[in-house]
Amino acid sequence: MSEMLSSQFYRQPTLELAKALLGCLLVKETPDGTASGYIVETEAYKGPDDQAAHSYKNRRTKRTEVMFHHPGVAYTYVMHTHCLVNVVSGALEKPEAILIRAIEPVEGIELMKERRKTTILKNLTSGPGKLTKALDIHMGDYGQKLIEKPIYILKGYTPAIISEGKRIGIDNSGEAKDYPWRYWITDNPFVSKHQKEENRIHLP
DNA sequence: CAAACGATCTCCT
DNA sequence: GGAGATCGTTTGC
C-alpha cells in the first residue's frame with residue numbers, strides 16, 4: 001500500500017498537477033470490492049479564461065459549483081450515458097480542474113470486467129467514460145475529497161517520459177482548442193486516443 | 001421546446 | 001481505423 005496524496009499535493013498549479021498525477025493510483029472502494037488503476041492520461045481545464053472549461057467566464061451552476069471549491073475533491077459530471085471524473089485544482093474560487101481520461105488497471109480487474117461487460121483488458125479503462133464504469137465512479141462521488149475512502153489517489157510511480165498535445169473533442173472552443181493541455185504517459189497502451197502531433201517531455 | 005454537445009459501441013471496410 | 005447511431009443534461013431560442 002503506497003502513500004496517500006496529501007492535500008498539499010493538490011495545491012500545485014493546474015498544469016503541473018495534471019502532469020504530476022500521471023502514474024498515480026486512482027482507487028475506488030465499494031461493497032463489491034476495490035478497483036484501482038494508474039492514471040495514464042489527463043487534461044487540464046483552467047478556470048474562467050479557458051473556453052473549453054465548464055467554468056468558462058466563471059460560469060457557476062449546480063454542475064460547476066464544486067470547481068470553485070478547494071482543490072483535491074472530485075468533480076463528476078454526466079455526459080450523455082457516461083459519467084466523467086475530474087480532480088478539482090486551483091485555489092478556492094479559482095474554478096480549475098483536471099479530467100482523468102484513462103487509467104491502467106491494477107487491482108480488481110475481474111470486478112472491472114464484470115462492470116464493463118467485456119474481458120478485453122484494453123477496453124476496461126482506456127477512456128474517460130470507461131474508467132468510471134470500471135471503478136464504479138458516479139454522481140454520488142461529486143465533491144468527495146480524494147484523500148479518504150471510498151475514493152482516493154495514492155502515490156504511484158514516476159513515468160520516464162510523458163507527452164503533451166491538444167485536448168480531445170473541443171473543436172468548438174475557439175483558440176483554446178489548440179492549447180497543449182493534454183498529458184499522457186508516452187506509449188502507454190491504455191491511453192484513449194493517439195495523436196500524431198505530440199511533444200515528449202521529461203519530468204524533472 | 002429544440003438543439004448541441006462528446007464518448008462509446010457497433011458495423012463496415 | 002473510421003463513420004454513424006445512440007444517449008442524458010445543459011443551454012439557447
Side-chain angles (χ1 to χ4, degrees), chain A residues 14 18 21-22 26 28 35 37-69 73-88 95-105 108-109 111-144 151 163-198:
Chain A
T14 294
L21 283 173
L22 294 174
L26 176 65
K28 174 73 191 275
Y38 292 121
I39 296 169
V40 299
E41 180 183 354
T42 60
E43 278 180 5
Y45 289 87
K46 281 187 51 145
D49 300 326
D50 178 2
Q51 199 171 338
H54 290 160
S55 54
Y56 180 53
K57 290 183 176 172
N58 272 322
R59 176 196 295 278
R60 189 165 189 159
T61 64
K62 192 175 180 184
R63 178 171 74 153
T64 63
E65 174 63 29
V66 78
M67 292 182 74
F68 292 80
H69 293 200
V73 300
Y75 168 41
T76 51
Y77 66 91
V78 174
M79 177 48 60
H80 308 327
T81 53
H82 316 288
C83 180
L84 277 58
V85 63
N86 299 250
V87 176
V88 171
E96 306 183 357
I98 296 157
L99 173 64
I100 299 180
R101 287 194 52 92
I103 66 175
E104 174 177 347
I109 291 178
L111 190 54
M112 295 188 204
K113 286 178 178 173
E114 289 173 29
R115 288 167 173 167
R116 292 276 298 124
K117 304 267 191 290
T118 179
T119 57
I120 302 170
L121 187 63
K122 254 192 96 169
N123 272 352
L124 290 181
T125 57
S126 55
K130 297 179 185 179
L131 72 92
T132 54
K133 194 97 178 284
L135 295 196
D136 192 29
I137 293 172
H138 44 77
M139 288 311 290
D141 296 307
Y142 183 88
Q144 279 286 318
I151 179 172
S163 298
E164 66 176 21
K166 297 178 184 180
R167 292 174 291 178
I168 303 283
I170 55 167
D171 291 344
N172 300 329
S173 298
E175 61 182 28
K177 73 181 176 66
D178 290 328
Y179 296 170
W181 288 351
R182 174 177 180 238
Y183 305 100
W184 65 96
I185 296 179
T186 305
D187 294 333
N188 186 285
F190 293 92
V191 170
S192 65
K193 284 188 178 180
H194 295 283
Q195 58 190 98
K196 290 179 179 173
E197 283 185 46
E198 68 175 70

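Convention: sequence-line order gives letters A, B, ...; per-chain numbering from 1.
Residues satisfying the side-chain hydrogen bond (donor to acceptor under 3.5 Å, both in side chains) test with A/Y75, not counting sequence neighbours, are A/H54. Evaluation of the side-chain hydrogen bond (donor to acceptor under 3.5 Å, both in side chains) rule for A/R59 yields no partner, not counting sequence neighbours. In this structure, A/H80 has no side-chain contact (heavy atoms from CB on, under 4.5 Å) partners at least two apart in sequence or on a different chain. Residues that satisfy the side-chain contact (heavy atoms from CB on, under 4.5 Å) test with A/S163, not counting sequence neighbours, are A/W184, A/T186, A/E198, A/R200. In terms of the side-chain contact (heavy atoms from CB on, under 4.5 Å) criterion, residue partners of A/D178 (sequence neighbours excluded) are, by chain and number, A/K166. With sequence neighbours left out, A/D141 forms a side-chain contact (heavy atoms from CB on, under 4.5 Å) with A/K28, A/T76, A/I137, A/H138, A/Q144, A/I151. For A/T14, the side-chain hydrogen bond (donor to acceptor under 3.5 Å, both in side chains) partners two or more places apart in sequence, or in a different chain, are A/S89, A/E96.
A/Y142 places a side-chain N or O within 3.5 Å of a backbone atom of A/V66 that can act as its donor or acceptor partner.
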Per-nucleotide protein contact along nucleotides 1-7 of chain B, 5' to 3', at a 4.0 Å heavy-atom cut-off (B base, S sugar-phosphate only, - neither), is ----BBB

Find every protein N or O atom lying less than 3.5 Å from an N or O atom of nucleotides 11-13 of chain B, and list the pairs.
none

Tabulate below the donor-acceptor pairs under 3.5 Å that side-chain atoms of residues 117-125 of chain A make, not counting sequence neighbours, or state none.
{"residue": "A/T118", "atom": "OG1", "partner": "A/I120", "partner atom": "N", "Å": "3.1"}
{"residue": "A/T125", "atom": "OG1", "partner": "A/I103", "partner atom": "O", "Å": "2.6"}

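Bracketed by its first and final contacts, the part of DNA chain C lying under 4.0 Å from non-hydrogen atoms of chain A reaches from C/dC7 to C/dT11 in 5' to 3' order.
Residue pairs that meet the salt bridge (charged side-chain N to carboxylate O under 4.0 Å, His left out) test with at least one member in residues 40-58 of chain A, sequence neighbours left out, are A/E41-A/R101, A/E41-A/R182, A/E43-A/R101, A/D50-A/R167.
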